[in-house]
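Single-structure report; data block below.
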There are 2 protein chains.
Amino acid sequence: MPTIADVAKLAGLSRATVSRVINNHPYVSEEKKKLVREAMDALNFYPNSSAQKLRSQKTETIAVFVPLLTNPFFAYLLEGIDTVAHDYGYQLLVCQTRYDKEKELNFLRLLKTKQVDGIILTSIENNWEKIKNFTECGPIILCNEYDDQAKIPSVRLDQEYGGYIGTRHFIEKGYTKIAYCRGFCRDQFVSRISAEREVGYKRALSEFGLKNRKEWVFENVSDVESGRQVLRKILLLKDPPTAVFTGSDQVAAGIINEAATCGLRVPEDIAVIGFDNQPIAEITVPPITTIMQPMQEIGQQAGKLLMDVIEKKDQKDVEDILLSLHLIERAST
Amino acid sequence: MPTIADVAKLAGLSRATVSRVINNHPYVSEEKKKLVREAMDALNFYPNSSAQKLRSQKTETIAVFVPLLTNPFFAYLLEGIDTVAHDYGYQLLVCQTRYDKEKELNFLRLLKTKQVDGIILTSIENNWEKIKNFTECGPIILCNEYDDQAKIPSVRLDQEYGGYIGTRHFIEKGYTKIAYCRGFCRDQFVSRISAEREVGYKRALSEFGLKNRKEWVFENVSDVESGRQVLRKILLLKDPPTAVFTGSDQVAAGIINEAATCGLRVPEDIAVIGFDNQPIAEITVPPITTIMQPMQEIGQQAGKLLMDVIEKKDQKDVEDILLSLHLIERAST
DNA sequence: TTGAAAGCGATACCAA
DNA sequence: TTGGTATCGCTTTCAA
């Protein structure tokens, strides 16, 4: 592999001049510029990126933490982030935490070792105390998931409101036996998102005088298969709910699918509300009533936010971004 | 940020010794090792990754090119690759080409600038001639997509066979008017995968004395929405097909969904075969008969293959990997 | 077992 | 406008 020194020698110029041409600096005569270009072409030269990074102390790379790549919600988030990052000339390092504390902690070191210029967290696996230590090493922002103690820039949605309007929708439709599905939990640690939505769910229940029943709250429900399991569990209950509020359209699809398998009608025997408004929400039969989150936009805003923080890291006045949620009614309720 | 020199000074030792401790080299006395560790902790020291990369000429990072992150097939591929890469201690740089020649070419530079140790291509946008230039700069392997001229390690499946068994299945079920959906095409450039499957499709047709009709071949069909469009186009034909062979379960789901909207029954009015065996294949009503590809395994094998090539790059005897395809019958045919 | 010092490849300051 | 050279932070040979 040729280096800048080889190019300089071939062009009969100094390394400094070659570097200036690479970086489009002013004060290089057209004549020399041409010489350098020719030498670079002749040698098929490309600047070594590690050397550039070491010298400039910038990597033009960001890391995005997602729990699972195969969860469409995170795929859309990632897609949105990528759009913006790419526009700003940044590369994307994808870190799949698999809902694992240790993995998350290991990936956070990327910031300490200066392997990335910043991090976007789309989920949180550790107590904030642990993560907090890393916030001094470089910009970290939150997207989707959040934490009350986290004093860092974030893009979020009013999840409590989401839980509320979904539950209220059920009630207005006449359902009174409403179950709730929490997302993936490790240990006793429930994601804030899931917890906030549950607060909204309970608020709606109590507002309409319904009581909240423990046996109607399910845990670790995050994909199609776990949705199917929830339906099977419901069938075993003496007093089963007639409506289920879920944390994603994937889960809702699983419930609807299993309901058909078990000969139940949706929404007559069991009604379902999803979350996200993923494409699958229009594919199931019946299609899914859901709380729409602008997935790609959330990602884009997060990407933009991180770019802002990176480029003007002195200014602490970067504003949090709050996007809105709304209900889309389809035939599952 | 503290450097190795700071640690050395605090520990009262040389930089060399500190480096040895960082890299777990032998011949460092326990006593000094302890001193170094304490100094590192005291300073909260982490080695600068760009410096390490520059010095060692390795990045422990690989790039994976995918056309679109929101296409579940590629998400599963990526997930498989990530599993293996992570086990080997490699990071994943995700490059979304968006089916764009220029983007692909730009990303290939990552190899020239030594930003990654290797690349996995899951699709191909440029003529092989162009990509070939980069194969000398570092290991590139092919996964899923392929090219006859490409003499590089690859993980592939017999797509022609896939096209054949799907079409034959239709014929055996009594369908004679069978349409085919090509994948995404830019210019006149059809992906080899799509082309190979089409060869199998035609072979089955001619084997059973059916003729291949141009108006039953659709182009640029790669997601749910384009599947819906195909169904609408079919309805406009004077002599419409009664069965459609598609390139992915996403497309199949779109066709089935639009069929329902238009009041058509599947498979009575129109039968559909998908590809991949994605989770959605079991969610639609009816569920999708499909050609199963072991998506995650394809990714894992590709990851493994690239690791092999990187770690023993002298040996050219890395073998191509051929995985197998089979048909899963469900109610859409 | 430890240390001194030469590089890895590029950038940018200071002089000319 | 151009060049010499110190520097970014770490690894590794060679000598001690």
Side-chain angles (χ1 to χ4, degrees), chain A residues 1-40 43-61 109-117 137-138, chain B residues 1-40 43-61 109-117 137-138:
Chain A
M1 279 288 121
T3 73
I4 212 172
D6 301 316
V7 177
K9 192 190 298 173
L10 182 60
L13 293 163
S14 74
R15 281 148 56 204
T17 304
V18 175
S19 173
R20 289 192 189 99
V21 174
I22 293 172
N23 298 289
N24 274 316
H25 278 302
Y27 304 123
V28 183
S29 67
E30 282 306 322
E31 178 201 6
K32 313 276 175 181
K33 210 176 275 183
K34 189 156 162 287
L35 279 172
V36 171
R37 293 255 161 73
E38 286 169 358
M40 297 200 328
L43 295 170
N44 197 10
F45 166 86
Y46 284 82
N48 179 296
S49 121
S50 300
Q52 287 184 313
K53 289 175 182 169
L54 173 59
R55 184 60 232 232
S56 66
Q57 307 283 40
K58 301 185 69 255
T59 65
E60 314 265 83
T61 304
R109 292 213 208 122
L110 291 170
L111 215 48
K112 297 223 186 230
T113 61
K114 296 279 170 252
Q115 218 165 139
V116 298
D117 293 338
C137 308
Chain B
M1 280 287 119
T3 72
I4 211 173
D6 301 318
V7 178
K9 193 189 298 173
L10 183 60
L13 293 162
S14 72
R15 281 148 56 204
T17 302
V18 176
S19 172
R20 289 193 187 96
V21 174
I22 293 172
N23 298 289
N24 273 315
H25 278 302
Y27 304 121
V28 182
S29 66
E30 282 306 322
E31 176 201 5
K32 313 277 172 180
K33 211 177 274 185
K34 186 154 164 291
L35 281 173
V36 172
R37 293 256 162 72
E38 286 169 359
M40 297 201 325
L43 295 171
N44 197 10
F45 166 85
Y46 285 82
N48 179 295
S49 121
S50 300
Q52 288 183 311
K53 289 176 184 170
L54 175 58
R55 181 61 228 233
S56 65
Q57 306 283 42
K58 301 185 68 256
T59 65
E60 315 264 85
T61 305
R109 291 213 210 121
L110 291 170
L111 215 48
K112 298 222 186 231
T113 61
K114 297 276 170 254
Q115 219 166 137
V116 298
D117 293 337
C137 309

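These numbers come from the heavy atoms of this one structure, side chains and all, not from hydrogens, waters or symmetry mates. To find a chain, count down the sequence lines: A is the first, B the second, and so on, and within it residues start at 1.
- Taking B:Gln57 as the reference, A:Asn48 meet the side-chain contact (heavy atoms from CB on, under 4.5 Å) condition, with sequence neighbours excluded.
- Using a 4.0 Å heavy-atom cutoff across all strands shown, B:Lys53 reaches no nucleic acid atom at all.
- Note: CD (A:Glu30) to P (D:dT1) measures 10 Å, nearest angstrom.
- Distance NZ (B:Lys33) to C1' (C:dT1): 11 Å, rounded to an integer number of Å.
- A salt bridge is defined here as a Lys NZ or Arg NE, NH1 or NH2 lying under 4.0 Å from an Asp or Glu carboxylate O, and A:Glu30 with A:Lys34 fails to meet this definition.
- Side-chain atoms of A:Thr59 come within 3.5 Å of backbone N or O of A:Asp117 as a donor-acceptor pair.
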task: Show your reasoning for whether side-chain contact (heavy atoms from CB on, under 4.5 Å) applies to A:Asn44 and B:Lys112.
output: CA-CA 9 Å; A:Asn44 197 10; B:Lys112 298 222 186 231; 3.2 Å; yes

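- Here B:Glu31 pairs with nothing under the salt bridge (Lys or Arg N to Asp or Glu O under 4.0 Å) rule; sequence neighbours left out.
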- prompt: When every nucleotide of nucleotides 9-16 of chain C is labelled 5' to 3' by its protein contacts under 4.0 Å (heavy atoms), B for base, S for sugar-phosphate only, - for none, what sequence of letters results?
  reply: BBBBB---

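- Pairing each heavy atom of A:Val7 with each of A:Met40, the nearest pair is CG1-CG, 3.7 Å.
- In this structure, A:Lys9 places its NZ atom 15 Å from P of D:dG3, rounding to the nearest Å.
- The interatomic distance linking B:Tyr27 (OH) with D:dT11 (C1') rounds to 18 Å, in whole Å.
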